[in-house]
Structure formats: C-alpha cells, structure tokens
Amino acid sequence: MPEKPLNHVLSGYGTTIFSTMSALAVAHQAINLGQGFPDQDGPEDIRAVAAKALMDGPNQYPPSQGIPELRQAVAAHNARFYGLKIDWQTQVLVTSGATEAVAACLLALLNPGDEVVLFEPMYDCYLPMAQLSGATARAVRLRPPVWELPRAELAAACNDRTRVIVLNSPMNPTGKVFNREELQFIADLAQKHNAIVICDEVYEHLTFDGAQHIPMMTLPGMEGRCVRIGSAGKSFSLTGWKVGYITAPPALADIISKAHQFLTFTTAPNLQKAVAYGLAKDDAYFTGLAAQMQASRDLLGNGLRQIGFDILPCQSTYFIAADYSAFARGGEDDTAFCKRITIEAGVAAVPFSAFSMSAMPGGTGTLPQEKFIRFCFCKQDSVLLEAIARLRRYLGKG
Ligand code: PMP
Ligand code: GLN
C-alpha cells in the first residue's frame with residue numbers, strides 16, 4: 001500500500017519551544033524562566049467561586065457561545081476599561097483560551113488564496129493556524145531595540161488580497177505596547193484594503209511605566225473590522241484554566257462561533273462563572289497586578305543587566321528580552337545558548353528565533369542576526385533572585 005501523507009502543515013511542525021524548554025528545565029532541575037506562567041496561582045476568591053460552582057453544578061454543556069453571566073461580564077469589562085458599547089448577545093464569544101480564539105478566528109475569517117499579515121517576532125500559533133486555513137502569510141519584522149514599526153514595509157506587505165492582519169499588542173515576546181500613531185497607521189491600511197484585524201490583547205492588563213494599552217477596536221471606524229481577544233489566564237494568573245473571550249462585530253462573531261462550535265463547542269462552566277466574577281473585580285486588583293509584574297520585571301532586568309546581558313525595553317507582558325552576545329561561544333545560536341544555560345546554569349529561557357517566521361515550517365524570510373533570548377519574570381522574588389545568582393555564578397560576571 002502506498003504511504004498516504006498526514007496533514008502537510010502539521011507534519012512540518014515539532015513540539016513547541018515552550019514545551020521543549022519546560023521539559024528540559026524539569027530534566028535538569030532548572031528554574032523555568034522559559035514558558036510564560038506565574039508560579040503562584042491567581043486570586044483565592046476567584047478560585048473559590050470556581051470550586052463552589054464545580055460542586056454546586058450544573059456541570060453539563062454550557063451554551064456554545066459561553067454562559068450569559070460571562071458574556072455580560074466581558075461586555076461590561078469592555079465598557080469599563082475602554083468605553084466600548086458591546087452587545088453581549090451578538091458580540092461576545094467565550095473560548096477555551098486565547099489559543100482557541102486565535103484558531104477559530106483564523107479558520108473562520110480566511111479562505112485559501114487570502115493573505116494574512118503577521119508581525120515578527122510572532123507568537124507561535126499564528127502561522128500554523130493561518131497555514132491550516134490555506135491562506136498565505138506575509139511577515140513584517142519590527143526593528144529592535146524598541147521594536148519600531150517599519151511603515152513602508154508594512155504598507156508594501158498589504159494589498160487587496162490581504163484579508164486579515166494579526167496584531168498582538170501588548171506583544172509577546174518583545175514586551176512592546178503599540179502606540180496610537182502606530183495603531184492608526186495599521187488601521188488605515190486595514191481600511192484601505194478592507195482587511196479585518198485580529199487583535200490578540202491577552203496582556204491588556206499587564207502594562208508598565210504608565211504605558212497605555214489601546215485596543216485597535218476603539219479607533220474611529222475600526223469597531224466593525226476588529227476582533228479583540230482576551231484571556232483569563234493572563235488577567236487572573238490562571239494560565240491552566242484556558243478561558244478566553246472574543247469581542248467582535250455581530251457578523252464576525254457569528255462566523256467565528258461556527259468555527260468554535262466545531263473546535264471545542266464550549267468551555268468548563270465553573271471556570272466561566274469564576275472568570276465572570278473576576279472580570280468584575282475592582283480597579284485596584286488590575287492595577288495591583290500590573291504593579292507587581294512591573295516590580296518583577298525590574299528585579300529580573302536589573303539582575304540580568306548587572307551580570308552583563310544587554311536588556312531591551314519592556315513595557316508589558318510577562319517577558320523581558322536580553323541580548324546574550326557577551327556570553328555567546330563562537331557562533332552559538334540562541335537555541336543552543338538557551339539549552340546551555342538550562343543544563344549548565346540551571347535557568348531556562350526561550351530563544352527569539354522560535355518567534356521568527358523563517359524558522360517555522362513553510363515560513364519565509366531570513367533568520368535575524370541578533371542574539372536575543374526571552375526570560376519570563378512572573379515569578380516570586382526569591383525565585384528570580386536565585387535565577388540571577390545561578391546565572392551570575394555560571395557566567396562569571398557581576
Ligand atoms: N496569545 C499570546 C500572545 C500569548 O502569549 C498566549 C499565551 N500565553 C496566548 C495567546 C494563549 O493564551 P491562552 O493560554 O489563553 O490560550
Ligand atoms: N504563552 C506562553 C508563552 O509565551 C506559552 C503558552 C504555551 O505553552 N502554549 O510562554
């Protein structure tokens with residue numbers, strides 16, 4: 001019998017860099033500053049609501065679009081933080097994490113032959129899901145160290161086949177928060193070419209130093225062509241829960257909910273109930289979370305700088321980018337360096353090349369020459385201090 005191929009897109013991909021580095025960290029008892037997750041669980045009151053709802057039930061299929069309570073809470077959250085007027089019945093959809101939201105959006109909005117514009121460095125699931133939809137991806141690489149938007153290049157990447165632009169702001173792994181002028185430039189292109197912008201805003205509440213997160217959806221004329229994605233994982237330090245939420249104009253919410261009904265159909269009811277409770281928490285909760293994260297960024301960033309890493313600016317997220325040129329052995333690439341420090345120093349990080357389209361199957365472009373790695377700082381002070389001490393001992397500086 002002749003071999004029959006399995007799916008040609010997925011066959012090209014291996015295990016994600018996050019799983020790979022977490023497994024290596026476990027194998028070598030390294031402190032895991034690779035995969036992004038807090039080492040302390042989110043608020044006890046939110047977890048208590050989930051626990052009670054689990055025992056009280058019902059524990060059967062909730063409505064595919066999400067329980068009314070959570071959809072109403074998402075609409076209220078949009079109004080409270082961004083002044084958006086959202087109809088919870090036609091414009092809100094609950095998903096099993098932002099990952100499912102991204103997948104459902106790309107599968108629902110793209111046809112073979114369409115083009116999708118992605119910004120590099122890019123989060124790992126965008127390209128494979130765009131490829132599965134049959135669309136062609138074009139990457140536009142932001143320029144370090146401040147991850148500047150190359151406007152002429154972006155304009156050249158957009159054309160009338162451009163159906164979707166994926167915008168991740170605040171951005172993983174760079175920690176960049178797009179400012180209003182940048183957002184307006186992208187919005188103008190989306191309007192010119194009649195494109196939809198999928199806005200991955202999972203780090204919306206984790207901005208530092210007064211940086212303001214502006215949802216693209218709030219820009220004039222953009223509410224009808226933006227899909228906004230949030231995640232309880234990031235807003236409540238509960239990454240294992242995988243509860244995401246989409247806000248979109250009714251026509252887009254409708255087609256995305258069709259993708260969602262065939263992907264997961266729904267999401268655990270007790271977790272939805274608890275996230276609805278969480279979204280209604282007072283402002284002090286959200287500002288407190290950002291302040292705590294900013295302090296962790298400073299603690300790790302300062303420690304790494306003293307050791308001799310060149311630290312890039314970071315306005316948001318869980319992540320700080322470091323240039324490891326001072327420590328590279330010969331032409332050592334970022335993956336080799338991350339593996340070396342995991343095994344030999346006992347601290348895991350993630351290589352930036354994992355976020356480059358050129359390193360992904362079917363990806364185009366050339367691998368950037370910079371030597372950047374990503375450290376995750378959403379950890380307890382004692383853990384960050386121990387990581388700094390281990391790196392200092394191993395790298396012999398500071
Ligand atoms: N988008 C970005 C930019 C992320 O960093 C992550 C992961 N944390 C996700 C989406 C996925 O979020 P979730 O865990 O809710 O699926
Ligand atoms: N978003 C997390 C990160 O960037 C990883 C999530 C995952 O492992 N899929 O580290």
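We use all heavy atoms of the structure for the numbers below, so side chains are in, but hydrogens, waters and symmetry mates are not. Order of appearance sets the numbers: ligands from 1, and atoms from 1 within every ligand. Quantities reported herein were computed from a predicted structural model and do not represent experimental measurements. Along the sequence shown, the residues carry numbers beginning at 1.
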Query - Contact atoms of ligand 2, heavy-atom distance to Gln35 under 4.0 Å - result: 7 (C), 8 (O), 10 (O)
Report summary line: of all protein heavy atoms, closest to atom 9 (C) of ligand 1 is Tyr123 CE2, 3.6 Å
Query raised in the report: Applying a strict 4.0 Å limit to heavy atoms, is Tyr318 in contact with ligand 2?
Result: no
Query raised in the report: Counting only heavy atoms, which portion of Asn168 has something under 4.0 Å from ligand 1: side chain, backbone, both, or neither?
Result: side chain
Query - salt_bridge(Asp209, Arg297) N-O dist < 4.0 Å - result: yes
Report task. Could you check atom 12 (O) of ligand 1 against the protein and tell me its nearest heavy-atom contact, residue, atom and distance included? Result -> Ala98 CB, 3.4 Å
Query raised in the report: Can Asn172 be said to touch ligand 2, with heavy atoms closer than 4.0 Å?
Result: yes
Requested in this report: Compute both the distance and the angle, then confirm whether Lys258 meets the cation-pi test with Phe262: under 6.0 Å from the six-membered ring centre, within 45 degrees of the axis.
Outcome: no
Query raised in the report: At a 4.0 Å threshold, what atoms of ligand 1 neighbour a non-hydrogen atom of Ser231?
Result: 13 (P), 15 (O)
Query - Shortest protein heavy-atom distance from atom 11 (C) of ligand 1, along with the residue and atom involved - result: Thr99 OG1, 3.2 Å
Report task. Report yes or no: does Tyr123 have a heavy atom closer than 4.0 Å to ligand 2? Result -> yes
Requested in this report: Name the closest protein heavy atom to atom 5 (O) of ligand 1, giving the residue it belongs to and the distance to 0.1 Å.
Outcome: Tyr203 OH, 2.7 Å
Report summary line: Numbered in order shown, the ligand 1 atoms found under 4.0 Å of a heavy atom of Lys242 are 13 (P), 14 (O), 16 (O)
Requested in this report: Return yes or no for this condition: an N or O of Asn172 is under 3.5 Å from an N or O of ligand 1.
Outcome: yes
Query raised in the report: Nearest protein heavy atom to atom 10 (C) of ligand 1, by residue and atom, and its distance?
Result: Asp200 OD2, 3.4 Å
Query raised in the report: For ligand 1, which atoms sit closer than 4.0 Å to a heavy atom of Gly97?
Result: 15 (O), 16 (O)
Query - Protein residue, atom and distance nearest to atom 7 (C) of ligand 1, heavy-atom basis - result: Lys234 NZ, 2.9 Å
